[in-house]
Peer 1: 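Take a look at this one; I'll ask things after.
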Amino acid sequence: MTSILARSLHAAAILALLAVPAAHAQAPAQAPVPIEAFFSNPLLEEATLSPSGRYLAAISAAPGRRDALVVLDLQDNKPRMVAGFKDADILDFQWVNDERLLFNVADKQTGPGGQVLSSGLYAVDRDGSALRQLAHRRGPQEAATPGTNINRRILPWNTFMLGQRGAHDSNWAYVVTPEFNDLGEVRTVGLLQLDTRTGQTRSVKRPGNVDSWLLDNAGEPRLTTRSEDGKTTIYYRDPASDEWRTIAQFSTYTGSKGAFSPVGFGADGTLFVLAQAGQDTASLHTYDLAGGKLSPEPVVVTRGYDFTGGLVTRRGKVLGVSVETDARANVWFDKEMQAVQAAVDKQLPGTVNTISVPSQPDAQWVLVRSYSDTRPVSYRAYNTKTGASVLVGQSRAGIDPARMGRQDPVRY
């Protein structure tokens, strides 16, 4: 009897010892984040303020539907879907003025090449009314479209948004029209002024065949570039005479001491360019249009990197530049924007906070794009007068920053 009791107590002791590690074991590992959280279409992307800064437009994804164009009124924070299709996604858009937007579409379920070729062109008011097709989508779906191009004023499929700020003071916007040779290569790129309500167009005079166009701070065509037979030529449209003239020519592939790439214009007509100017990396310079020379000293240098970025402007002033090195950043020339950046960074520590501004100089709102190596992009509207901040939305939900891996830059 004693032997049986002893064996029972011994067995109970072993079971108790075995139970101790189980009681103190770690909780089961969390399930991995679904892959869709990283690779599905972003919930919010390409957020952009209207010229006045009162409205914000963005591309919005949602389960079960294609990407749509949405507009948010920052005075009441009420979003509205203004354009969406059952067979296509909104691809890109831009504000024409404070009431109207220009956009194209794509099938994001196909490869990127197919997206661009079938992009089409449309315009719509910010309340979703007055939707108008302005250019064809390339594909068989157009064969069933009733009416003629003349009556409907629909441009051919090779009509694309310029992707630069226009004057924002009318229903007109600039669009580019590449022309092709028999081999399918771009022969030249035309520029049209397009009325987004009526479809009426005006052709912009060009100085021969050109590859690209650049608008000035007021939203007017001011510069064209052409590379041909190993030479690059830069043409400038003189505001006084409205005539084109050559301001620079250099080797396309080997470059030269004065070689540059145009970046943008200041309000006073100053041309900002990207140039190496004898250095190992390219920096932001200004170019003397009268004398035909680069500034001897760069305006912005990104040490260890070629300058990658652009001007941050509003109508009448260059406020600073956006740059990208190991992360994105703003370099501000304007003291008020320096103060805004400091205030935003104080509100949002631990993230990279880049700021874009509306075109009108009296706009109170700016747009803040925040992210880090562990946090997806989020968008906030920041009021420069009151310091108030409105969270517009984030690009991806369900991603816990605490579970994300850190990223470190590697140089070699």
Peer 1: Can you classify the ring geometry of Trp213 versus Trp244 as parallel (below 30°), tilted (30 to 60°) or perpendicular (above 60°)?
Peer 2: perpendicular
Peer 1: Give a yes or no on whether a salt bridge exists between Arg222 and Asp216, defined as a side-chain N under 4.0 angstrom from a carboxylate O.
Peer 2: yes
Peer 1: Is the Lys NZ or Arg CZ of Arg411 less than 6.0 Å from the centre of Tyr305's six-membered ring, within 45° of the axis?
Peer 2: yes
Peer 1: So, the side chain of Asp98 versus the backbone of Ser52: is there a donor-acceptor pair under 3.5 Å, distance only?
Peer 2: yes
Peer 1: Determine, step by step, whether Val33 and Arg396 satisfy the side chain to side chain contact (heavy atoms under 4.5 Å, CB included) criterion, reporting the C-alpha distance in whole Å, the side-chain angles of both residues, the deciding distance to 0.1 Å, and the verdict.
Peer 2: CA-CA 12 Å; Val33 179; Arg396 301 191 178 277; over 6 Å; no
Peer 1: Going by an N to O cut-off under 4.0 Å, is there a salt bridge joining Arg406 and Asp373?
Peer 2: yes
Peer 1: Sub-3.5 Å donor-acceptor pair from the side chain of Arg237 to the main-chain atoms of Pro221, do we have one?
Peer 2: yes
Peer 1: Is there a donor in the side chain of Asn353 and an acceptor in the side chain of Asp345, or the other way round, less than 3.5 Å apart?
Peer 2: yes
Peer 1: Could Arg380 and Tyr382 be counted as a cation-pi pair, given that NZ or CZ must be under 6.0 Å from the ring centre and within 45° of the axis?
Peer 2: no
Peer 1: Between Tyr122 and Phe85, does the ring centre distance come in under 6.0 Å?
Peer 2: yes
Peer 1: Quick test of your reading of the model: are Arg197 and Asp125 salt-bridged, counting only N-O distances below 4.0 Å?
Peer 2: yes
Peer 1: Using only heavy-atom distances, determine whether the side chains of Tyr235 and Gln249 contain a donor-acceptor pair under 3.5 Å.
Peer 2: no
Peer 1: Do Arg314 and Glu336 meet the salt-bridge criterion of a basic N to acidic O distance under 4.0 Å?
Peer 2: no
